[in-house]
Protein chains: 2
Amino acid sequence: MRVSLKDVAAHAGVSIKTVSNVVNNYQHVTPAMRERVQRSIDALGYQPNLAARHLRKGRTGIIALALPELGNPYFAELTASVIDAASQHDYIVLLDHTGGSRDQELLVSQGFRARVIDGLILSPIELRTEDLRDRDQDVPLVLLGERDYDLPYDHIAIDNVAAARDAVRHLIELGRREVAFIGARRDRSEPAQLRVRGWREELTAAGLRADEGLVAAVDGWGHADGARAMRHILDSGRRPDAVFAYNDPMAIGAMRVLHERGLRVPEDIAVVGFDDVIEGRFGAVTLTSVSPDKAAIGRLAVESVLARLGDNAPAPRRIWADYQLVERESTLGRPGAATP
Amino acid sequence: MRVSLKDVAAHAGVSIKTVSNVVNNYQHVTPAMRERVQRSIDALGYQPNLAARHLRKGRTGIIALALPELGNPYFAELTASVIDAASQHDYIVLLDHTGGSRDQELLVSQGFRARVIDGLILSPIELRTEDLRDRDQDVPLVLLGERDYDLPYDHIAIDNVAAARDAVRHLIELGRREVAFIGARRDRSEPAQLRVRGWREELTAAGLRADEGLVAAVDGWGHADGARAMRHILDSGRRPDAVFAYNDPMAIGAMRVLHERGLRVPEDIAVVGFDDVIEGRFGAVTLTSVSPDKAAIGRLAVESVLARLGDNAPAPRRIWADYQLVERESTLGRPGAATP
DNA sequence: CACGGCGTGTATAACGTTGTAAAACTTGAG
DNA sequence: CTCAAGTTTTACAACGTTATACACGCCGTG
């Protein structure tokens, strides 16, 4: 049988509210009383009933984190950092996965889970800007990943265009001239578009041709999709000297195909990924990658959501998180050069 | 402002309970009344307040899934299958990560989150059998991963000893004679011990020596730990012709070290992992691995927890999930043979 | 010595829902 | 037309918590 405030109150010979005051660290309680009540609490092993507390306060103490897929280790690491940040504010994280489908993302953003959660952190892939524009929900929403247009929600993202440009510039500086992009999306997912744009801008800025024939569209974001895209490019007779992939799993899938075709990385083709997942550090050829500051992103996301819970919610902001390009074996040296 | 049963009742001109009856599909409601109330519900956009419902019914509709780490894709896939299974029963999944530390696992099992959840699925690593023996909680608990002793909780696991034996037998059948084990744990984690036992039993059964000098203990379960263990074995002057790793990330970490040392996989050293994560299918050398039926494990776990919620809870059972050994390049061919 | 003021503790009323029991209707038989 | 038996609807009391408003001491001050 669960013990309630009432039981503790009876045991200590005080009123229910006094016990509540002790539990909530209300200030006007004499030390003597506090200790007496605390003794009863300990004796009975009282634990507050959250459902009741939430009913009364109108808060649940739960925030939801909705991600496209858990399989990508990037999101796993992000999740860990969100959980850590949330628990520092006595919040609990409810995990949802959308599969990256627009329908699911819409459902989640429209408050599918709204009745249980105080706030939502959503990392959309296919969701359109207009989908969010007429969102009718009082549950605070924070978006992860850059969006193109302004929306009345906090965005937390790294600068995708700039990061993509950095990656491509790195390839160009190595002497690469034909840089393929793997991971454009047929459905025009916004984050993918931004990275394609960075790719295009940087090539153009360097006086090179942004050859759209070297952009491979895909349907998913996993290893297999990267492999498929790489095969598609090679089968079309193209022979780029560098590949920039939408994310690390796709880059790794692409490298596998290059390996199967007898092409050497980086001598024949240099490869850069995105997200810097742990896996990229342990392949036969370690992977150069854009490394977002995941810990910061998780922390900022949680803080942004919680800040919106109070009455004095700040204006929606676009928050830029840090990133850096981590160079590894997959871009070591100039074309044709043997690995050191 | 949120709309409650009271508002709907006022709008429809009926009592609160009648609205509640309609919402809950109570049988004794005339079709006319049902429609009239439904119209008001739709008009006002009523959504039930779960906190209140839970307070009243004593259930929260949330189960927790506590995992050692999210970074391992095995757990990510498992999580996805648990979420899917739970949502089929209108349940929501709260995710927790223990970091695989005994303290955290203890905390979780003792009901750290108990006030919010109806049931708990725990995948322990370091937790001892005796830690669970005096668990004092009314929240149903289901354990993932094999435990050695009998406990009054449902276990869902594949047969670790048998699976390990299958893996080692496969290596022996390939003509390997010196099989190392990577991933024993200094802290005597039970799952790791079972796999070591399988390794030992199979070698002995084949008339080979189970050389304890080829068992490498580690502190973690990631790529880096596998790499460290592999280095340790090689640096000690040993030169096994096969490696069986506790899990895929460790196997991949080990393969990276073999690559760095100029040892060929599988010609010089064959490698078998455990868990069959997607990553193992896209390395330069694809990884042979023990593949547990993750979908079944997730489904069984959810069903077991929910079955314990009712009054007629079944007796605790040990449920065996299926697995199979998936052979890939890392064990292709006999020692010294060139890859086909 | 009375009085305001402050610090401490207490009844009571919510929060929104569902279970119980009883009231208000139907229906059909006598 | 009455009454019993059944069906539908309602009033009310929980569930366990916190906010509000108030009562009670105690203190220092006029």
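Below, chains carry the letters A, B, ... as their sequence lines are ordered, and counting in each starts from 1.
Checking side-chain atoms of A/Q104 against main-chain N and O of A/T98 turns up no donor-acceptor pair under 3.5 Å.
Comparing C/dG16, D/dT10, C/dT18 by their closest approach to the side chain of B/A52 singles out C/dG16. Listed nucleotides: C/dC15, D/dG16, D/dT10. Nearest to the side chain of B/K6: C/dC15. Comparing C/dG16, C/dT18, D/dT17 against the side chain of B/I16 picks out C/dT18 as the nearest.
Look at NZ on B/K57: it is 14 Å from C1' on C/dG16, rounded to the nearest Å. Regarding A/L5, its CG atom lies at a distance of 17 Å from the P atom of C/dT12, rounded to whole Å. For A/R59 and D/dT18, the CZ to C1' distance is 14 Å, given to the nearest whole Å. Counting to the nearest Å, the C1' atom of D/dA19 and the CG atom of A/L55 are 13 Å from each other. In this entry the distance linking CG of B/D7 with C1' of C/dC15 reads 13 Å, nearest Å.
Side chain A/R56 to base D/dT18: a donor-acceptor pair is found below 3.5 Å.
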Determine, stepwise, if the pair B/D154 / B/R318 fulfils salt bridge (charged side-chain N to carboxylate O under 4.0 Å, His left out).
-> CA-CA 6 Å; B/D154 284 337; B/R318 171 172 297 211; over 6 Å; no

Evaluate side-chain contact (heavy atoms from CB on, under 4.5 Å) for B/L127 paired with B/L132, printing each intermediate quantity in order.
-> CA-CA 8 Å; B/L127 202 64; B/L132 285 172; 3.6 Å; yes

Using distance only, find each side-chain donor-acceptor pair of residues 292-305 of chain B under 3.5 Å and give its atom names and separation, not counting sequence neighbours.
from, atom 1, to, atom 2, distance (Å)
B/D293, OD1, B/A296, N, 3.2
B/K294, NZ, B/E77, OE1, 3.1
B/K294, NZ, B/D275, O, 3.1
B/K294, NZ, B/D276, O, 3.0
B/S304, OG, B/L300, O, 2.8

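Side-chain N/O atoms of A/S4 include none lying less than 4.0 angstrom from OP1 or OP2 on D/dG16.
Side-chain contact between B/I156 and B/I121 is absent, with no heavy-atom pair separated by less than 4.5 Å. Inter-residue side-chain proximity for B/D96 and B/L67 is flagged as unmet; no heavy-atom pair is nearer than 4.5 Å.
A heavy-atom distance below 4.0 Å to DNA chain C is reached by these residues of residues 17-34 of chain B, ordered by number: B/K17, B/S20, B/N24.
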